[in-house]
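Read the structure below first, then the notes.
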There are 2 protein chains.
Amino acid sequence: MDKLDALSSFAALGQETRLDVLRLLIKAGEQGMSAGEIGDHLGIKQNTMSANLAVLARTNLVTNKREGRSIRYYANFAGIRELIGFLMEDCCGGTPEICNPLLEQLKCP
Amino acid sequence: MDKLDALSSFAALGQETRLDVLRLLIKAGEQGMSAGEIGDHLGIKQNTMSANLAVLARTNLVTNKREGRSIRYYANFAGIRELIGFLMEDCCGGTPEICNPLLEQLKCP
DNA sequence: TCCATATATCATGAATTATTGATATATGGA
DNA sequence: TCCATATATCAATAATTCATGATATATGGA
């Protein structure tokens with residue numbers, strides 16, 4: 001995870017459809033969703049969806065895998081962690097007493 | 001933190017100068033940095049810096065405070081936490097067994 | 001009040017990004 | 001091989017974003 005990776009990840013998430021897609025994939029968990037299912041769910045035209053999935057797929061936030069005629073997309077939890085870690089990197093170096101409680105509060109109940 | 005807040009935060013971080021600024025402010029911690037110091041440190045022209053700081057200041061990721069002739073900027077750790085939380089929200093609902101270890105790994109050593 | 005410093009705003013042009021209709025490619029099945 | 005389905009690519013336009021020179025505003029001090 002270098003700065004360029006982080007930049008393209010953040011830029012990818014700065015667009016509504018793509019943010020929706022990642023959240024959908026996070027919710028879908030390890031079973032993922034096909035490109036078509038994602039597009040249907042969000043009501044996005046086929047070629048627009050394809051272009052936006054391509055942007056996400058160039059980041060480390062999602063992975064995909066062809067399955068017959070479909071392509072299945074998955075949230076890449078390790079990649080998401082790396083992105084958050086990149087953002088917090090300098091925090092640990094400087095003020096871990098602020099950062100660790102911050103992560104503690106994020107935990108699922 | 002609604003979706004529009006998250007979108008503008010991610011979009012703000014999808015640009016090199018602004019990502020650099022936030023990381024710098026995270027490193028600077030609670031003492032923050034003035035607009036001029038930030039610009040000097042990153043080698044960015046005054047008006048460009050001002051415009052980019054304005055974009056960041058419209059998000060919940062930084063705060064600022066006038067101090068005499070300068071304006072001092074600070075990382076808003078609570079806002080950063082909310083942004084990460086927004087992204088992970090559906091994860092807790094769906095697959096906390098993936099998400100909690102993810103947050104654990106992020107902790108500062 | 002006048003000046004210097006710190007930051008913001010305006011107007012413009014360049015660059016990038018987003019959407020879309022049309023079409024192409026890839027896969028599986030008959 | 002032919003057809004249907006799933007996704008990708010192309011070309012064009014519209015919309016947005018970016019950086020910048022010039023200028024304006026705000027603050028503090030003499």
Looking only at non-hydrogen atoms, find the nearest pair between B:Val21 and B:Met49 and report the distance.
CG2-CE, 3.5 Å
Work out which heavy atom in A:Asn64 is nearest to a heavy atom in A:Ala57; give both atom names and the distance.
ND2-CB, 3.8 Å
5'-most contact on DNA chain C: B:Ser70 or A:Arg69, nearest heavy atom basis?
B:Ser70
Would you indicate whether B:Glu67, at its atom CD, is surrounded by more than 12 heavy atoms from other residues, nucleotides or ligands within a distance under 6.0 Å?
yes
Please find the pair of heavy atoms, one from B:Phe86 and one from B:Lys3, that lie closest to each other, and give the distance.
CZ-CA, 3.6 Å
Is a side-chain donor or acceptor of B:Ser50 paired with a backbone partner of B:Gln46 at a separation under 3.5 angstrom?
no
Are B:Tyr74 and B:Asn76 close enough, and set up right, to give a side chain to side chain contact (heavy atoms under 4.5 Å, CB included), and what steps lead you there?
CA-CA 6 Å; B:Tyr74 306 88; B:Asn76 179 16; over 6 Å; no
Run the salt bridge (Lys or Arg N to Asp or Glu O under 4.0 Å) test against A:Glu37 and tell me which residues pass, sequence neighbours left out.
A:Arg72
Of all heavy-atom pairs linking A:Ala6 and A:Leu83, the shortest is CA-CD1, 3.7 Å
Hydrophobic clusters here meaning ILVMFWY residues chained together by side-chain heavy-atom distances under 4.5 Å, can you tell me if A:Leu42 and A:Leu13 are in one?
yes
Within residues 32-40 of chain B, residues whose heavy atoms come under 4.0 Å of DNA chain C
B:Ser34, B:Ala35, B:Gly36
Mind listing the closest non-hydrogen atom pair of B:Leu56 and B:Leu22 along with its distance?
CD1-N, 4.5 Å
Stems formed with participation of DNA chain C [Watson-Crick or G-U wobble, under 3.5 Å, three or more pairs]:
C:1-30 with D:1-30
Work out which heavy atom in B:Leu24 is nearest to a heavy atom in B:Ile38; give both atom names and the distance.
CD2-CG2, 4.3 Å
Give the first and the last nucleotide of DNA chain C, reading 5' to 3', that has any atom under 4.0 Å from a heavy atom of chain B.
C:dA4 to C:dT9
Looking at residues 46-67 of chain A, who's got a heavy atom less than 4.0 Å off DNA chain D?
A:Gln46, A:Asn47, A:Ser50
For DNA chain D, which residues of residues 14-22 of chain B approach it to below 4.0 angstrom with any heavy atom?
B:Gln15, B:Arg18
Using modelled atom types only, decide if a donor and an acceptor are shared between the side chain of A:Arg23 and the backbone of A:Leu25 within a distance under 3.5 Å.
no
Whether B:Asn60 side chain and B:Gly79 backbone form a donor-acceptor pair below 3.5 Å:
no
Under the 3.5 angstrom rule, does the side chain of B:Asn52 hit a backbone N or O of B:Arg18 as a donor-acceptor pair?
no
With a 4.5 Å limit on heavy-atom distance, are the side chains of A:Ile80 and B:Met88 in contact?
yes
